[in-house]
Protein chains: 4
Amino acid sequence: MFAFRLDARSGVPTYLQLVDQVRRGLLLGYLVDGDRLPTVREVAATLVINPNTVAKAYRDLERAGLAAPRAGQGTFVVGSVDQVPAATYVKLSHGLRGWLRTAHDAGLDHDQIRALVTATLDDDQAQAGAA
Amino acid sequence: MFAFRLDARSGVPTYLQLVDQVRRGLLLGYLVDGDRLPTVREVAATLVINPNTVAKAYRDLERAGLAAPRAGQGTFVVGSVDQVPAATYVKLSHGLRGWLRTAHDAGLDHDQIRALVTATLDDDQAQAGAA
Amino acid sequence: MFAFRLDARSGVPTYLQLVDQVRRGLLLGYLVDGDRLPTVREVAATLVINPNTVAKAYRDLERAGLAAPRAGQGTFVVGSVDQVPAATYVKLSHGLRGWLRTAHDAGLDHDQIRALVTATLDDDQAQAGAA
Amino acid sequence: MFAFRLDARSGVPTYLQLVDQVRRGLLLGYLVDGDRLPTVREVAATLVINPNTVAKAYRDLERAGLAAPRAGQGTFVVGSVDQVPAATYVKLSHGLRGWLRTAHDAGLDHDQIRALVTATLDDDQAQAGAA
DNA sequence: GTGGTCTAGACCACA
DNA sequence: GTGGTCTAGACCACC
């Protein structure tokens with residue numbers, strides 16, 4: 001079953017974190033067309049947030065064409081996005097985890113790692129945008 | 001000169017993006033004690049945002065003890081954080097850039113790469129938290 | 001200034017009535033790109049409904065690409081739809097008003113007129129769909 | 001046999017659409033006292049909706065005094081409403097269909113026509129209410 | 001039981 | 001002052 005996670009410190013609105021996680025799930029193949037998302041009430045209870053917040057996220061997904069509610073049954077993933085092929089995903093994920101281990105071994109904590117990664121990704125995207 | 005960058009799509013409040021970037025700069029050694037930050041007006045003009053938003057970011061940095069205004073001269077970085085040693089930083093950064101190239105070569109776009117990275121980092125942090 | 005109207009008896013959710021009216025305004029040329037919609041608080045006060053309900057409608061319009069919020073300034077119409085040419089509109093509107101007068105003169109009340117119109121439009125659309 | 005039609009996009013609750021259509025049928029003479037409505041199962045199967053939804057609509061009609069169940073035989077239209085005289089109805093309907101043709105010929109699609117009609121009817125009713 | 005709508009009211013980000 | 005987010009809680013439509 002798909003599970004959500006929240007990071008209160010990030011400053012990203014709760015409902016957007018939920019939306020992003022479903023989007024990411026689709027992108028990476030964790031979620032596929034037809035999968036049932038946890039119910040609004042389940043998510044609200046698990047994450048200890050207001051059901052309306054979850055409903056707002058699900059509504060956003062619906063408007064984006066990524067989910068569809070079925071009254072009395074739950075909300076289902078629908079449509080899809082360009083998925084990363086499984087083999088590619090496994091290989092890249094493995095490589096990244098290796099790098100992560102190196103970073104931890106070098107004494108970096110999570111914040112420092114995130115800072116490094118974010119800076120590098122931002123640079124990468126900025127260069128691509130400028131090119 | 002230190003330069004800010006904004007991502008309107010991220011959902012992170014503008015002023016927080018500015019604060020985070022200074023914090024990241026310190027963590028990674030882009031910014032060191034004594035460096036001068038661009039003026040509120042410069043940042044506001046460059047990013048086309050309201051000066052109040054920049055001022056709020058600088059105020060937050062000040063309260064966090066990471067920056068200090070000097071009357072008539074601008075705002076300066078002060079104090080510091082656990083910095084990543086330069087050698088370590090260079091090695092890790094190089095490794096990460098290599099991985100990024102692999103990801104691009106595999107055909108992933110920026111969104112897919114960010115999705116993969118975020119998912120991996122979140123997993124990593126979640127496991128550490130659970131351990 | 002654009003003004004909203006509500007029909008509590010229709011069974012259509014309040015926020016959808018608002019969305020539909022903006023859509024209709026665009027279709028008929030009452031609203032054009034750049035027009036400012038009344039603020040959330042104004043609409044809420046005028047119609048005596050909850051500001052959240054108005055905000056929901058405006059958010060829907062935003063997701064549909066028909067409106068854009070500007071913090072501190074209000075919500076603005078943006079983008080557009082296939083508009084009915086003004087001349088065509090005037091001619092057709094005139095014709096319809098004439099028919100309406102005939103219907104009133106024949107003794108029909110609003111409900112009966114709406115019933116007749118709805119039935120006729122539904123038939124028309126059903127035939128087109130079947131064709 | 002009386003046939004129901006649904007418009008999922010309208011936002012009007014399913015059961016209300018059914019009730020309204022029977023009401024409209026009575027108003028316009030499509031349905032008269034004694035006519036048999038399709039069974040709950042038939043309607044549910046044809047429209048692919050839950051039988052409970054149909055049952056609720058029939059219950060509402062019953063409470064409004066517009067329909068009555070006869071054990072083992074089905075539900076029948078009963079009582080009546082101010083009907084539009086057949087001659088008047090035919091004349092007005094003919095006129096409206098003529099206008100509709102004009103609108104189609106002018107290049108308007110169904111959405112645009114509905115927008116124009118709704119706007120005109122709403123105006124008409126608002127004026128009457130204000131008078 | 002599911003999702004959807006609406007209200008009331010607090011607080012935040014931004015101009 | 002503008003829109004945005006979140007909470008709390010009632011009620012409805014539909015399965």
Side-chain angles (χ1 to χ4, degrees), chain A residues 6 8 11-19 36-44 47-62 67-76, chain B residues 6 8 11-19 44 47-57 60, chain C residues 6 8 11-19 36-44 47-62 67-76, chain D residues 6 8 11-19 44 47-57 60:
Chain A
L6 287 183
V12 180
T14 309
Y15 83 93
L16 262 187
Q17 294 190 38
L18 302 182
V19 169
R36 183 169 172 278
L37 293 173
T39 69
V40 169
R41 286 160 169 85
E42 276 169 12
V43 177
L47 301 181
V48 195
I49 57 178
N50 192 290
N52 286 338
T53 303
V54 184
K56 186 174 188 177
Y58 279 16
R59 185 179 176 75
D60 262 33
L61 288 168
E62 181 192 349
R70 295 188 209 153
Q73 299 182 59
T75 301
F76 293 77
Chain B
L6 286 183
V12 180
T14 308
Y15 82 95
L16 256 189
Q17 294 190 39
L18 303 182
V19 170
L47 302 180
V48 195
I49 58 177
N50 193 294
N52 290 338
T53 304
V54 184
K56 170 158 191 182
D60 273 27
Chain C
L6 287 182
V12 180
T14 308
Y15 84 94
L16 260 188
Q17 294 189 39
L18 302 182
V19 169
R36 182 167 172 280
L37 294 174
T39 69
V40 169
R41 287 162 168 85
E42 277 169 10
V43 177
L47 301 180
V48 195
I49 58 178
N50 193 290
N52 287 338
T53 303
V54 184
K56 187 174 188 177
Y58 278 17
R59 186 178 176 74
D60 261 34
L61 288 168
E62 182 192 348
R70 295 188 210 154
Q73 299 183 58
T75 301
F76 293 77
Chain D
L6 286 184
V12 181
T14 308
Y15 82 95
L16 258 188
Q17 294 191 38
L18 302 182
V19 170
L47 302 180
V48 195
I49 57 178
N50 193 293
N52 290 337
T53 304
V54 185
K56 172 159 189 180
D60 273 27

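First the proteins, then the strands, lettered A, B, ... as listed; each starts at 1.
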In this structure, how many angstroms lie between the [atom2] atom of [N] and the [atom1] atom of [X], rounded?
X: C/Leu18; N: F/dG3; atom1: CG; atom2: P; answer: 14 Å
X: A/Phe76; N: F/dC14; atom1: CZ; atom2: P; answer: 18 Å
X: A/Arg59; N: E/dT2; atom1: CZ; atom2: C1'; answer: 16 Å
X: D/Leu47; N: F/dC14; atom1: CG; atom2: C1'; answer: 15 Å
X: A/Gln73; N: F/dA13; atom1: CD; atom2: P; answer: 19 Å
X: C/Asp60; N: F/dG4; atom1: CG; atom2: P; answer: 12 Å

The side chain of [X] is closest to which nucleotide in this list: [options]?
X: B/Lys56; options: E/dA13, E/dT5, F/dC14; value: E/dA13
X: A/Pro13; options: E/dT2, F/dC6, E/dT5; value: F/dC6
X: C/Ile49; options: F/dT5, F/dG3, E/dT7; value: E/dT7

| query | How would you label the contact of B/Tyr15 with the nucleic acid (heavy atoms, under 4.0 Å): base, sugar-phosphate, or nothing? | reply | sugar-phosphate
| request: For A/Arg41, report the nucleic acid contact type (base, sugar-phosphate, nothing); a contact means any heavy atom under 4.0 Å. | output: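 Base, at least one base heavy atom under 4.0 Å.
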With rounding to the nearest 0.5 Å, note down the distance linking [atom1] in [X] to [atom2] in [Y].
X: C/Arg59; Y: C/Asn52; atom1: CZ; atom2: CG; result: 12.0 Å
X: A/Thr53; Y: A/Leu47; atom1: OG1; atom2: CG; result: 10.0 Å
X: A/Leu16; Y: A/Lys56; atom1: CG; atom2: NZ; result: 8.5 Å

| Shortest non-hydrogen separation from A/Pro69 to A/Glu62 and the atoms involved | CD-CD, 3.8 Å
| When only distance counts, do a donor and an acceptor, one from the side chain of C/Asn52 and one from the base of E/dG9, lie under 3.5 Å apart? | yes
Strictly below 4.0 Å: does [X] bring a side-chain N or O up to OP1 or OP2 of [N]?
X: C/Arg36; N: F/dT2; answer: no
X: A/Thr53; N: F/dC6; answer: no
X: C/Thr75; N: F/dT2; answer: no

| Side-chain contact, heavy-atom cut-off 4.5 Å: B/Leu18 with B/Leu6? |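 Counting from C-beta outward, B/Leu18 and B/Leu6 do come under 4.5 Å.
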| 5'-most contact on DNA chain F: C/Tyr58 or A/Asn50, nearest heavy atom basis? | C/Tyr58
| Residue whose nearest DNA chain F nucleotide is more 5′ - A/Thr14 or D/Leu16 | A/Thr14
| Starting at the 5' end of DNA chain E, which residue's closest nucleotide do you reach first, B/Val48 or C/Val48? |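 Result: C/Val48.
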| remark: Re F/dC14: Watson-Crick or G-U wobble partner, both distances kept under 3.5 Å, found to be E/dG1
